[in-house]
Amino acid sequence: MEKQGISILKDIFILILTIGLIAGLWIAGVKSFRFLLILTMLILIVGNFEIVILALQRIFHLLSKLNFIHVSWFFLLVGILVWRVRTKYAMVTNPLDTPAKLKIFFISMAGLFGLASTFRLIGERKLSPFWLIPDFILIYSVSSLLSTLLSPYTYYSLYKAIELLIVTTVLFATTGYAVFSSETSKKTIDLILSFFAFLLLTECIAAIINPEVGFKSFESSIGHILVGTFPLMDPDGIGFLSAIVSLSCICRIMGAKNWQDKKFYIYVAFFSLVTLFLSQARTSIFGFFTALAIVLILNGRTTWLIVITFLLTLSLIGFHNYVIKYFLRGQNLEMFLKVSGRTEAWQYAWSKFSQAPLLGYGFAATGFTIISMHAVGGMSIFNSFIECLVNSGFIGFLPWITAFIVTWSTLVFAFFRYRKIMKPAVRSLNIELIGLMTILTFRSMTTSMLIILSHEFLLYMAIIVFTQSILSSRNFLVDEI
């Protein structure tokens, strides 16, 4: 207890010293935001190097506890990173360039390990064809595969649909493990969150090494925006990862049993909140604060909620000009209300959907057909719900939206129905996943990543694993062994 008290005092001293130093430099005329940020990070890391050691220990501990199926998740996560900016012409004329072949390798390896796990579960009679949510995802995957027959770019659509089928295979296998062991869901979520945090770290290191590229000049109240360079990632993607990691850490701070664990999650949360702020990803920021309010209420931390709301209100009143400029990001109010021009793409795509409501225009082909013809947006409609409708029609949309609704309703129902008899760790994870689903829902409004293989889709699949395990077993209750 005495050592813990000394540790807390040391951390408070380092924090006060850091704030004083940064404030002093600012008053002295050092106005470089990047320099002050880098200096703050270095002081906190050097003053708390045990956090780095603890992080490495946690990673090794997680890796030692993973199941065979988690190798598939690792390959899927790595495969997503093989991304680069390509024109429509390059994608059509040279679809199988070197990065594409590398991605196919990683996704194929994920599929092989997924199939091996599936056959193993079949041999052990632990795999069921009657899992509600995975079955809807399977129907969605098959309908996406069939819709490739309508795509003008058949081979591209076919490849994206096969990716979806591989993820579905991994989903079924992981659910098979999770139904018989509640720890599987937690390990899968931890693997994904650790990977997200690692990506944020590499992006920050890359930005510090090459600040002219990583911190792009931007017309906003802070003057710069964090751009992903290693690996390549747009600011909205960084904002999404930051929001997810931040919220998960805050949830775990509330459930931590000792100061060392709390301290670890506080530092990771602080780090990811800084990257969220620098990304200026408006959708993820709104989603994060909505999710934060929900998890605080469900955890009974109404005092925290009142204090945070009060501080945010004071900030909005005292710095309203800076806040408005921050969220406008150099746009006028009209463009802001049009969600950076996305509403035009949504309206046009909706008008095209009415012409092919049953089967759509082909999976993952909307960017080539609908949007490129109208010359608005980019290679996507930037809305998962509308793009799913346009891609696969009602045949693909109905199973997808059903899985989405059932996942949401099960998470909420399970909490209110079983919260008093849930194992404490499972109850905490349930609340955390409700928060993560909130951020995913916000994200799905301005991106199409919730219907194809992506970071968002894999996190969603991991949440489905937990949700289906609740539907199929009762090993999450305290009176069950």
Side-chain angles (χ1 to χ4, degrees), residues 54-55 58-59 61-62 65-66 70 174-175 177-197 243-270 272-273 287-305 308 407-441 459-481:
L54 182 60
R58 285 176 176 271
I59 290 173
H61 177 74
L62 173 63
K65 297 295 183 180
L66 295 179
H70 289 118
T174 312
T175 304
Y177 285 102
V179 167
F180 293 93
S181 172
S182 59
E183 283 295 311
T184 300
S185 302
K186 179 70 164 52
K187 294 173 187 175
T188 307
I189 294 293
D190 285 347
L191 174 64
I192 293 175
L193 294 177
S194 299
F195 197 83
F196 285 2
I244 292 296
V245 174
S246 300
L247 186 77
S248 292
C249 287
I250 291 172
C251 289
R252 298 181 186 203
I253 289 170
M254 290 184 279
K257 302 300 183 182
N258 56 70
W259 171 247
Q260 194 72 2
D261 288 340
K262 287 182 183 290
K263 179 180 174 181
F264 173 77
Y265 288 122
I266 286 171
Y267 272 84
V268 178
F270 172 78
S272 50
L273 283 172
F288 167 77
F289 281 108
T290 303
L292 179 61
I294 291 173
V295 299
L296 288 177
I297 292 172
L298 296 182
N299 274 298
R301 306 297 179 103
T302 52
T303 303
W304 284 32
L305 180 60
I308 292 173
T407 300
W408 249 121
S409 58
T410 303
L411 285 172
V412 175
F413 174 80
F415 174 78
F416 287 105
R417 173 67 176 84
Y418 299 110
R419 67 184 184 277
K420 294 183 179 180
I421 56 175
M422 269 186 180
K423 295 175 182 177
V426 177
R427 182 172 61 249
S428 297
L429 183 60
N430 190 6
I431 294 173
E432 182 179 330
L433 296 188
I434 289 175
L436 298 188
M437 273 298 291
T438 301
I439 297 175
L440 278 174
T441 302
L459 178 60
Y460 175 43
M461 293 299 102
I463 294 173
I464 286 179
V465 170
F466 173 83
T467 309
Q468 185 59 50
S469 68
I470 288 179
L471 288 173
S472 301
S473 71
R474 289 293 178 267
N475 60 18
F476 62 92
L477 303 179
V478 292
D479 56 343
E480 298 289 332
I481 299 177

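Each residue takes its place number in the sequence, starting with 1.
- The closest donor-acceptor contact from the side chain of S181 to the backbone of A178 lies at 3.5 Å or more, if one exists at all.
- Shortest non-hydrogen contact noted between V245 and L193 is CG2-O, 4.2 Å.
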Quick one: do R252 and E432 satisfy salt bridge (Lys or Arg N to Asp or Glu O under 4.0 Å)? Show the steps, please. CA-CA 8 Å; R252 298 181 186 203; E432 182 179 330; 3.0 Å; yes

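- Residues W259 and I266 have side chains in contact (heavy-atom distance under 4.5 Å, counting atoms from C-beta outward).
- N258 places a side-chain N or O within donor-acceptor distance of the main-chain N or O of Q260, the cut-off being under 3.5 Å.
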Salt bridge (Lys or Arg N to Asp or Glu O under 4.0 Å) for D261 and K257? Distances and angles first, verdict last. CA-CA 7 Å; D261 288 340; K257 302 300 183 182; over 6 Å; no

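- When every heavy atom of I439 is checked against every heavy atom of G287, the shortest pair comes out as CG1-O, 3.7 Å.
- In the model, T467 has no side-chain atom that pairs as donor or acceptor with a side-chain atom of W408 under 3.5 Å.
- Residue F180 holds its CZ atom at 11.5 Å from OG1 of T175, rounded to the nearest 0.5 Å.
- Taking OG from S272 and CD1 from I244, the interatomic distance works out to 10.5 Å, rounded to the nearest 0.5 Å.
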For T188 and T174, run side chain to side chain contact (heavy atoms under 4.5 Å, CB included): C-alpha distance rounded to whole Å, both residues' side-chain angles, the deciding distance at 0.1 Å, then the answer. CA-CA 9 Å; T188 307; T174 312; 3.7 Å; yes

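- A distance of 9.5 Å separates CZ in F413 from CG in L471, rounded to the nearest 0.5 Å.
- For the atom pair CD1 of I192 and CG of L459, the computed distance is 5.5 Å after rounding to the nearest 0.5 Å.
- Taking all atoms of both residues into account, the shortest heavy-atom contact from F288 to A243 is CD1-O, 3.8 Å.
- Taking all atoms of both residues into account, the shortest heavy-atom contact from H70 to T184 is NE2-O, 3.9 Å.
- When atom types are taken as modelled, the side chain of K262 and the backbone of I253 share a donor-acceptor pair closer than 3.5 angstrom.
- When all heavy atoms are compared, the tightest approach of A462 to I189 is CB-CD1, 3.6 Å.
- Contact of the M254 side chain with the I431 side chain is not registered, since no non-hydrogen atoms from C-beta on lie closer than 4.5 Å.
- The two residues L436 and L247 make their nearest non-hydrogen contact at N-CD2, 3.8 Å.
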Are Y177 and V465 close enough, and set up right, to give a side chain to side chain contact (heavy atoms under 4.5 Å, CB included), and what steps lead you there? CA-CA 9 Å; Y177 285 102; V465 170; over 6 Å; no

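- Relative to the ring axis of F415, R427 does not place its NZ or CZ within 45° and under 6.0 Å from the centre.
- Here the straight-line distance linking atom OG1 of T410 with atom CD1 of I463 works out to 12.5 Å at 0.5 Å rounding.
- Judged by distance alone, with hydrogens and angles left aside, the side-chain atoms of R419 form a donor-acceptor pair with the main-chain N or O of F416 at under 3.5 Å.
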Using side chain to side chain contact (heavy atoms under 4.5 Å, CB included), reason through V426 and F466 one step at a time and then give a plain yes or no. CA-CA 10 Å; V426 177; F466 173 83; 3.9 Å; yes

M437/I434 under side chain to side chain contact (heavy atoms under 4.5 Å, CB included): CA gap, chis, key distance, verdict: CA-CA 5 Å; M437 273 298 291; I434 289 175; 5.8 Å; no

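- Annotation: the span from I294 atom CD1 to T438 atom OG1 amounts to 3.5 Å, rounded to 0.5 Å.
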